Amino acid sequence: MKVLLVGSGAREHAIAKALSRSPQEPRIFAYMSTPNPGIIRLAEGWIEGGLNDLPSLVRYAQRVRPNLVVFGPEEPLAAGAVDELEERGFSCIGPRRILARLEADKCFMREFMARYIGRGFPKWWVFENLGTLHAHLLSHPNSVLKPVGLTGGKGVRVLGRQLTNVMEAIEYARPYLEREGKILVEEKLTGEEFSLMVFTDGKKVVPMPLVQDYKYAREGDTGPMTGGMGSYSCADYLLPFVSQKDFETALGIVEETVKKLEEALGIPYRGVLYGQFIQTQSGPVVIEFNVRFGDPEAINVLSLLESDAVDVFASIAAGDLVEDVRFSHLATVCRYLVPRGYPDAPETGVLFSLPLEKLSLAGIEVYFGSVQEVNGQFSTTASRSVALLSRRATPQEAKHALDEALADYTVPLYWRRDIPRLL
Ligand code: GLY
């Protein structure tokens with residue numbers, strides 16, 4: 001069994017680790033935008049290539065002839081990598097381009113939800129010129145601006161928070177309106193956020209444990225938005241602020257989305273679908289859909305995956321998802337170590353080392369992100385460097401273990417010590 005993994009971050013390192021635990025001993029190949037030292041250690045072969053460079057990806061697939069192609073990031077999915085590969089006979093875990101619009105085109109996502117789901121979304125508006133946007137923001141100070149296209153999780157701005165006044169909001173929107181012709185505005189909701197990811201073959205939907213992700217760069221949820229600075233999950237697969245009933249409501253929305261996507265677009269959604277929800281007083285509301293595993297959320301859930309990852313992925317590709325996907329009943333806490341100044345002015349090229357043996361003895365797992373390996377040391381790039389994961393009976397114990405492991409660790413990197421902020 002040969003598996004081609006697309007992507008090069010800590011999320012993809014987590015996918016590679018899950019695959020490498022399979023008793024089927026799959027041969028792993030990787031197509032990466034930057035060489036990931038963790039994936040390289042697990043892969044039989046790898047190549048460097050742009051995530052949007054589909055001819056290069058197709059050429060590598062034709063060389064490797066994988067039985068399965070597993071996607072980490074959204075860029076190749078939005079660019080139509082699955083369409084290109086499936087047309088050449090490759091089995092893919094990830095949606096075709098038309099389905100990937102659920103993440104790549106936020107207006108499409110809202111229109112789809114309004115038309116086919118009819119619940120679980122906030123009030124929303126689309127603006128195509130600055131004048132009408134300006135008038136709207138003056139009368140709706142409780143607004144969130146969302147660029148329509150992909151922004152690596154860093155595009156959302158809240159009026160009154162990152163955007164201190166309407167003029168700042170207009171200046172923020174201006175280049176997006178010029179480039180994309182429109183911008184999405186939503187009412188700002190109040191509540192805790194959570195990530196519900198599912199495996200699906202287009203018919204069956206199997207949920208993974210819920211995860212809470214922390215997107216702000218600095219402690220106390222301050223500073224700029226990032227792709228995610230860390231995350232946690234609980235042993236009962238819920239979160240302290242999400243009841244079983246709320247989980248079922250959220251899952252119902254995701255299940256209906258899978259079903260209605262096929263009805264609307266005529267092809268089944270096969271892969272991972274990730275609903276990002278906010279837990280409001282009146283129940284869970286979708287703030288975004290992503291067509292892939294979350295990063296870092298994948299690290300939490302895949303570290304718990306007890307089922308054979310090859311079976312799970314192969315059954316998705318075959319359109320007959322195994323229904324008893326098992327996860328350990330343990331809590332997880334993940335923290336990203338990032339370059340100082342990340343994300344606005346990251347210090348790149350900074351050398352650091354990791355006490356790999358000590359971390360391993362403490363039961364802390366290491367997932368490499370965007371780092372270069374230089375003579376046994378690591379060097380920072382502009383993105384998140386390394387994720388550390390702790391798995392224990394409770395999130396409190398997992399947090400404590402991570403705090404202990406990082407207590408006397410002096411390194412020129414930054415991490416949020418307040419993850420998780422347990423309620
Ligand atoms: N953790 C946020 C994301 O993966 O989009």
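Side chains included, hydrogens not; waters and symmetry mates left out as well; all remaining heavy atoms used. Quick caveat, the model's predicted, so the values are computed rather than measured. Order of appearance sets the numbers: ligands from 1, and atoms from 1 within every ligand.
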Within 6.0 Å of CZ in Arg179, more than 12 heavy atoms from elsewhere: yes
Full working for side-chain contact (heavy atoms from CB on, under 4.5 Å) between Phe378 and Ser385: CA-CA 9 Å; Phe378 303 99; Ser385 308; over 6 Å; no
Location of contacts on Tyr274 toward ligand 1, heavy atoms closer than 4.0 Å: side chain
Atom indices of ligand 1, in the order listed, that fall short of 4.0 Å to a heavy atom of Gly294: 4 (O)
Heavy-atom nearest option to atom 5 (O) of ligand 1, drawn from Glu74, Glu288, Met225, Arg292: Arg292
Residue from Arg110, Lys123, Lys106 passing salt bridge (Lys or Arg N to Asp or Glu O under 4.0 Å) with Glu186: Arg110
Ligand 1 contact by Gly227, heavy-atom criterion under 4.0 angstrom: yes
Gly228 touching ligand 1 at heavy-atom level, < 4.0 angstrom: no
Glu12 and Asn36: CA distance, side-chain angles, deciding distance, side-chain hydrogen bond (donor to acceptor under 3.5 Å, both in side chains) verdict: CA-CA 9 Å; Glu12 289 75 26; Asn36 177 311; over 6 Å; no
Ring-face cation of Arg101 near Phe108 (centre distance under 6.0 Å, axis angle within 45°): yes
Per-residue contact class, Gln276 against ligand 1 - non-hydrogen pairs under 4.0 Å: neither
side-chain hydrogen bond (donor to acceptor under 3.5 Å, both in side chains) evaluation trace for Asn290 with Glu74: CA-CA 8 Å; Asn290 297 316; Glu74 60 276 22; over 6 Å; no
Under 3.5 Å: N/O of Glu297 near N/O of ligand 1: yes
Polar atom proximity, Asp295 to ligand 1 (N or O, under 3.5 Å): yes
Cation-pi check, Arg161 onto Tyr216 ring (under 6.0 Å, within 45° of axis): yes
Those atoms of ligand 1 less than 4.0 Å from some heavy atom in Asn290: 5 (O)
